[in-house]
There are 2 protein chains.
Amino acid sequence: MGRVLMKEVRSGGVGHSAAPLDDTDQVLLGLLAADARMANKALARAAGIAPSTCLNRVRLLRERGVIRGYHADIDPEAIGRPIQAFVSVRLRAGSRSRIRELTGRLAALPGVLNVYFLAGANDFQLHVACESPSALSNFVVDNLSASQDVALTETTLIFEHVAGRAQTRHTHPG
Amino acid sequence: MGRVLMKEVRSGGVGHSAAPLDDTDQVLLGLLAADARMANKALARAAGIAPSTCLNRVRLLRERGVIRGYHADIDPEAIGRPIQAFVSVRLRAGSRSRIRELTGRLAALPGVLNVYFLAGANDFQLHVACESPSALSNFVVDNLSASQDVALTETTLIFEHVAGRAQTRHTHPG
DNA sequence: TGTGAAAAAAATGCTCT
DNA sequence: AGAGCATTTTTTTCACA
């Protein structure tokens, strides 16, 4: 048959169908990134579609993995962790194969906000929030420096964190 | 100088009353961090309080600034920005007083996820998501290297990003 | 502060276009 | 795929312990 289903334009995803996002999807994503608790009704009105349609689209976006989840943004300071830092870590050559195991354990520790696997000299970078400077110091010493797998660490204090526009709003290229 | 940044955990902040968070609040924060769209009814049941009470507590948490907002977590890959990187930036000494203005402009650019003000050799670090390696290169050249205010940049590719437990779950300091 | 029940609003599912 | 409508569920308000 000459007829072909043209649904999947992009190749490659890991289990997401990759139907391209149209303008309406972009608007929905932008609005939900800015306020994940926006009522479906308001969302629909802002996007110019019916509530039922809106609900379907948002559900599809979540099922496809475009929306990975909805999270409350909690002020670390307000929960007793006013000190934030990046900790870059380089593993010893022989330990590099265990990087998944090591970072998995680290990611589960209280105060660890993010783990980034890096290209370059260091293997990964932790983003942590601590109760105090000394708690930060203890964290690094106890969980990293003490480990036989860690070659070196470099800790950089974060004075302030500003979320970029892309975190809360999506742009229409052009 | 340092006193401005680190002091507002419990004493009177900038309009947050700083009533300490009890166990119920901790539970609510943990649940909302994990799923910001959880229905108030379910939230209340999980926390062991009545829905109306739950609604009040969550409202207070938001008004106090403990909850800063609710955001959909969008997969950068799914919106055409599969390449992520950190770009560390050092300003020229004479430009350092304009750091707010400069980073403010950068934070508004498409693809800029976060801006971190740093202690140490570099002044700040950008977390960016780009369409391609060449787009990343262009971003750095056009927005940073070309600027008279920028002394140097250092770009590190991010292979993978893993959210820590603290992003989605809160722990009782034990 | 917390609760229960009533009123208001919203979400969801179905059918038709 | 999108929209309109009926049903179900949830949110929200308020008098009261």
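A, B, ... follow the sequence lines: proteins, then strands. Residue 1 opens every chain. Computed from a prediction, not measured in an experiment: that's the story for all the values here.
- Scanning both residues, A:Ala36 and B:Ala72, for their nearest heavy atoms gives CB-N, 3.6 Å.
- Rounded to whole Å, the distance from CG on A:Asn40 to C1' on C:dG13 is 13 Å.
- The two residues B:Glu131 and B:Pro82 come nearest to each other via the heavy atoms O-CD, 3.5 Å.
- The side chain to side chain donor-acceptor pair (under 3.5 Å) analysis of residues 115-127 of chain A, with sequence neighbours excluded, yields the pairs A:Gln84-A:His127, A:Ser88-A:Gln125, A:Arg96-A:Asp123, A:Asn114-A:His127.
- A:Arg45 places its CZ atom 9 Å from the P atom of C:dA10, with the value rounded to the nearest Å.
- Residue contacts for B:Arg37: at a heavy-atom cut-off of 4.0 Å it reaches no nucleic acid atom on any strand shown.
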Inset, instruction - Take A:Phe86 and A:Ile158 through the side-chain contact (heavy atoms from CB on, under 4.5 Å) test and state the conclusion after the steps. - result: CA-CA 7 Å; A:Phe86 285 127; A:Ile158 299 172; 3.8 Å; yes

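- Taking the charged nitrogens against the carboxylate oxygens, B:Arg68 and A:Glu77 have no contact shorter than 4.0 Å, which rules out a salt bridge.
- Under 4.0 Å is where a charged nitrogen must lie from a carboxylate oxygen, and between A:Asp149 and A:Arg92 no such pair does.
- Nearest heavy-atom pair, B:Ile67 versus B:Leu29, reported as atom, atom and distance to 0.1 Å: CG1-CD2, 3.6 Å.
- For the atom pair CG of A:Leu32 and CG of B:Asp73, the computed distance is 12.0 Å after rounding to the nearest 0.5 Å.
- One atom, CG of A:Leu21, and another, P of D:dA1, lie 14 Å apart when rounded to the nearest Å.
- Separating the CG atom of A:Asp23 from the P atom of D:dA1 is a distance of 17 Å, rounded to the nearest angstrom.
- Taking every heavy atom of residues 47-58 of chain A and every atom of DNA chain D, pairs under 4.0 Å involve A:Ile49, A:Ala50, A:Ser52, A:Thr53, A:Arg57, by number.
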Legend entry - Watson-Crick and G-U pairing of DNA chain C, under 3.5 Å, as dot-bracket with | and [ ]: ||||||.||||||||||

